[in-house]
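Input: a single structure, listed below in structure tokens.
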Amino acid sequence: MACKSCSSGSCGSTSTSGEVKGCQSNGGCGSGGCNKMNVFDWLSDLDVPSFQRYHIVEVKFKGGRKEYFRNADQLELHTGDSVMVDSSSGTQLGVVSLQGELVRLQLLKKNIKDDDKIKTIFRLATEKDIEKHEQAMARDLPTMYRGRQIISDLKLNMKLSDVEFQSDGSKAIFYYSSEDRVDFRELIKLLATEFKIRVEMKQISLRQEAGRLGGIGVCGRELCCSTWLSDFKNVTTSAARYQNLSLNPVKLSGQCGRLKCCLNYELETYMDALKSIPTIEGRLKTKRGDAILQKTDIFKRMMWFGIVGEEAIWIPVSCDRVAEIVELNKKGIIPESFEDLNPDAPAVEKPTLSELNSDLERMDKKYGGSAKSGNRNNRNNRGNRDGGPRSDRGPRTPRPEGENRGPRPERGPRPEGQDRGPRPPRPEGESRGPRPEGQDRGPRPPRPEGESRGPRPERGPRPEGQDRVPRPPRPEGQNRPNGAAPLADGTATPKPFKKKKKFKPRPPRDGAAPTPEA
């Protein structure tokens with residue numbers, strides 16, 4: 001059965017053709033209108049006799065307003081039944097939202113005493129009562145729009161937010177909000193004359209207005225005040241300071257224009273976490289400089305400080321270390337830094353870059369990092385071939401001054417299957433040296449068949465402004481280097497093409513493996 005208690009008053013109501021109006025879910029929508037501030041009855045499955053049931057019932061009206069009434073006549077009621085009750089404004093139609101033992105708990109929660117002040121339920125609503133109630137609720141929106149026009153004509157500093165007609169249509173409650181005191185005596189006369197009803201003006205706060213109108217918050221959910229929040233606690237800016245939130249009124253304000261109620265939800269958790277955070281009254285003193293607190297992460301228990309003059313660089317320090325520095329400053333002790341708290345400890349010299357790389361240099365010298373080390377290894381290998389390792393032969397005796405080493409003995413043929421080995425690399429920056437005078441380079445060995453010369457290195461652009469140097473003239477009668485004779489017009493006759501000889505490998509020496517000529 002429909003509850004017909006949403007702000008528009010049309011949810012669950014039917015038209016003349018029998019179709020459901022409003023959201024067309026017949027009282028089961030989840031938007032917060034039909035089930036606004038509902039309490040789940042987890043004791044509904046208990047079959048309790050009617051005479052043992054709790055005699056007070058919770059009844060819900062338009063806008064989610066709930067009141068409690070006594071079932072004096074022991075009516076057989078079910079959740080969702082429409083009943084006629086004796087309210088403060090007269091006879092009103094409401095919907096049963098909760099009954100049983102949970103109502104007793106709700107009375108204890110809201111501090112409502114079970115006494116004679118609780119009014120009674122008259123009877124179950126009939127079809128005629130429901131029809132009158134729908135006609136009265138249909139007048140709410142037109143009356144509110146017309147009332148706003150009258151308020152604008154009278155230039156009153158107030159905002160009309162909602163109008164609620166009584167079920168019989170004889171009285172209407174006008175809900176308004178205003179920051180100042182308003183004299184609405186003239187307004188009441190005009191409204192009573194315009195609509196032929198008794199008028200009651202009721203001022204509500206901005207939070208109550210947002211709860212009656214509803215809406216979607218920045219979190220993406222419905223407003224807490226329009227769904228489940230019934231009591232509004234005071235919210236101050238200190239709640240935002242404790243949670244390290246920026247005091248931006250645009251981000252901290254809700255749709256009502258006041259501070260968000262959700263600022264109080266996690267405040268107690270932050271207050272408990274702040275008990276273990278040290279309080280910084282001024283600057284922390286270190287020999288590096290005075291430190292100013294920049295930021296505190298409460299749950300990670302980390303504090304960021306900036307040295308005076310270097311505020312752009314934040315240094316993270318744990319809360320335990322900060323507490324130790326605070327105690328040292330109270331005793332007049334200034335630590336070296338945030339990491340070193342003992343000022344009397346001897347200063348530890350940091351190794352230089354050359355000392356750190358000394359191990360690498362020793363490794364290079366040991367394992368052939370230069371040409372000299374490679375020659376030394378070759379000599380050691382020759383010594384090993386001659387008579388075992390040099391370590392077994394003892395230390396080498398120094399050569400007398402001015403005495404030469406003497407002629408090197410003939411090496412002899414290389415054993416079969418043994419390669420010469422790669423030539424050690426020349427040190428960077430060292431040239432080969434000039435060729436002895438009178439010694440020719442000799443013919444270049446032919447390139448193996450199928451092997452290409454490789455790409456020619458890029459010459460690079462000629463410097464700007466530099467011309468190509470002209471080639472000097474060739475003396476008369478001298479041929480070109482390739483042997484081509486000049487013709488009468490100065491050109492050279494092409495040299496006939498000669499087929500390259502096929503490369504023949506050098507015969508091996510005494511049975512050794514053939515090697516190309518170096």
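Note that the structure is predicted; figures quoted are calculated from it, not measured. The analysis underlying the following values was restricted to heavy atoms, covering all of them including side chains, and did not include hydrogens, waters or symmetry mates.
- Heavy-atom contacts from other residues, nucleotides or ligands closer than 6.0 Å to CG of Asp272 number more than 12.
- Summarising the geometry of Met144 relative to Leu160, their closest heavy-atom pair is O-CD2, 3.7 Å, with the distance given to 0.1 Å.
- Of the possible polar contacts, none joining the Ser152 side chain to the Arg148 backbone as a donor-acceptor pair under 3.5 Å is found.
- Asp73 places no side-chain N or O within donor-acceptor distance of the main-chain N or O of Leu75, the cut-off being under 3.5 Å.
- Using a distance-only test at 3.5 Å, with no hydrogens or angles considered, no donor-acceptor pair links the side chain of Glu310 to the main chain of Gly306.
- To the nearest 0.5 Å, the span separating OG on Ser167 from CD1 on Ile130 amounts to 10.5 Å.
- Heavy atoms only, all atoms of each residue included: Pro278 and Ala323 are closest at CG-N, 4.3 Å.
- Of the inter-residue distances, the one linking Leu93 atom CG with Glu134 atom CD reads 9.5 Å to the nearest 0.5 angstrom.
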What verdict does the side chain to side chain contact (heavy atoms under 4.5 Å, CB included) test give for Val85 and Phe61, after you've listed the backbone C-alpha separation in whole Å, the side-chain angles of each residue and the deciding distance to 0.1 Å?
CA-CA 11 Å; Val85 298; Phe61 300 94; 3.6 Å; yes
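- Here the OG1 atom belonging to Thr286 is positioned 11.5 Å from the CG atom belonging to Leu328, to the nearest 0.5 angstrom.
- In terms of heavy-atom proximity, Gly169 sits nearest to Arg139 at O-NH1, 3.9 Å.
- Here the closest heavy-atom approach between residue Gly214 and residue Gln255 is recorded as O-OE1, 4.4 Å.
- Seen from the ring of Tyr175, Arg212 counts as a face-on cation partner, given the 6.0 Å and 45° thresholds.
- To the nearest 0.5 Å, the span separating CD1 on Ile298 from OH on Tyr242 amounts to 11.0 Å.
- The side-chain heavy atoms of Cys224 and Tyr265, taken from C-beta on, include a pair separated by under 4.5 Å.
- Aromatic ring orientation, Tyr270 versus Phe299: perpendicular (interplanar angle above 60°, classes split at 30° and 60°).
- With contacts defined as side-chain heavy-atom distances shorter than 4.5 Å, the pair Glu209/Cys256 does not qualify.
- The closest donor-acceptor contact from the side chain of Arg70 to the backbone of His55 lies at 3.5 Å or more, if one exists at all.
- Side chains of Met201 and Leu187 form a contact here, defined as non-hydrogen atoms less than 4.5 Å apart.
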Take Asp320 and Ser318 through the side-chain hydrogen bond (donor to acceptor under 3.5 Å, both in side chains) test and state the conclusion after the steps.
-> CA-CA 5 Å; Asp320 298 334; Ser318 63; 5.4 Å; no
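- Using a 4.5 Å heavy-atom threshold, the side chains of Ser82 and His133 count as separate.
- Residues Lys285 and Asp290 come closest through the heavy atom pair CG-OD1, 3.7 Å.
- Residue Lys189 qualifies as open at atom NZ: its count of foreign heavy atoms under 6.0 Å is 12 or below.
- The closest donor-acceptor contact from the side chain of Glu200 to the backbone of Lys171 lies at 3.5 Å or more, if one exists at all.
- Leu263 has its side chain out of reach of Thr237: every pair of non-hydrogen atoms, C-beta onward, lies at least 4.5 Å apart.
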What do the steps show when you test Glu164 against Lys202 for salt bridge (Lys or Arg N to Asp or Glu O under 4.0 Å), and what is the final call? CA-CA 11 Å; Glu164 182 179 352; Lys202 190 171 184 180; over 6 Å; no
Could you walk me through whether Lys119 and Glu67 satisfy the side chain to side chain contact (heavy atoms under 4.5 Å, CB included) test, starting with their C-alpha distance in whole Å, then the side-chain angles of each, then the deciding distance to 0.1 Å, before giving a yes or no? CA-CA 10 Å; Lys119 301 183 180 297; Glu67 295 183 11; over 6 Å; no
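- Summarising the geometry, atom CE belonging to Met158 is positioned 4.0 Å from atom CD1 belonging to Ile151; distances are rounded to the nearest 0.5 Å.
- A donor-acceptor distance shorter than 3.5 angstrom exists from the side chain of Gln203 to the backbone of Ser178, with no hydrogens or angles considered.
- With hydrogens and angles ignored, the 3.5 Å screen pairs no side-chain donor or acceptor of Gln99 with any backbone N or O of Tyr54.
- Between the side chain of Lys260 and the backbone N or O of Lys251, at least one donor-acceptor pair lies under 3.5 Å.
- Not a single donor-acceptor pair under 3.5 Å links the side chain of Ser177 to the backbone N or O of Leu206.
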From CA spacing to verdict: side chain to side chain contact (heavy atoms under 4.5 Å, CB included), Phe305, Val322 = CA-CA 10 Å; Phe305 289 87; Val322 173; 3.6 Å; yes
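- The two atoms that bring Ser246 and Leu252 nearest to each other are O-CD1, 3.7 Å, heavy atoms only.
- Taking the side chain as every heavy atom from C-beta outward, Val96 and Ile121 never approach each other to under 4.5 Å.
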Please determine whether side chain to side chain contact (heavy atoms under 4.5 Å, CB included) holds for the pair Ile280 and Thr296, giving the CA-CA distance in whole Å, both sets of side-chain angles, and the decisive distance to 0.1 Å. CA-CA 11 Å; Ile280 307 299; Thr296 303; over 6 Å; no
message: Does Asp129 form a side-chain hydrogen bond (donor to acceptor under 3.5 Å, both in side chains) with Thr126? I'd like the steps, not just the answer.
response: CA-CA 5 Å; Asp129 295 332; Thr126 61; 3.1 Å; yes
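- The pair Glu101-Arg104 counts as a salt bridge, with a side-chain nitrogen and a carboxylate oxygen less than 4.0 angstrom apart.
- The side-chain heavy atoms of Arg207 and Cys261, taken from C-beta on, include a pair separated by under 4.5 Å.
- Atoms CE and CD1, on Met302 and Ile277 in that order, are 10.5 Å from each other to the nearest 0.5 Å.
- The backbone N or O of Ala273 sits less than 3.5 Å from a side-chain atom of Ser276, completing a donor-acceptor pair.
- Aromatic pair Phe184/Phe174: ring centres not closer than 6.0 Å.
- In this structure the side chain of Ile150 reaches within 4.5 angstrom of the side chain of Leu154, judged on heavy atoms.
- When the shell of 6.0 Å around CD of Glu179 is examined, it contains 12 or fewer heavy atoms from other residues, nucleotides or ligands.
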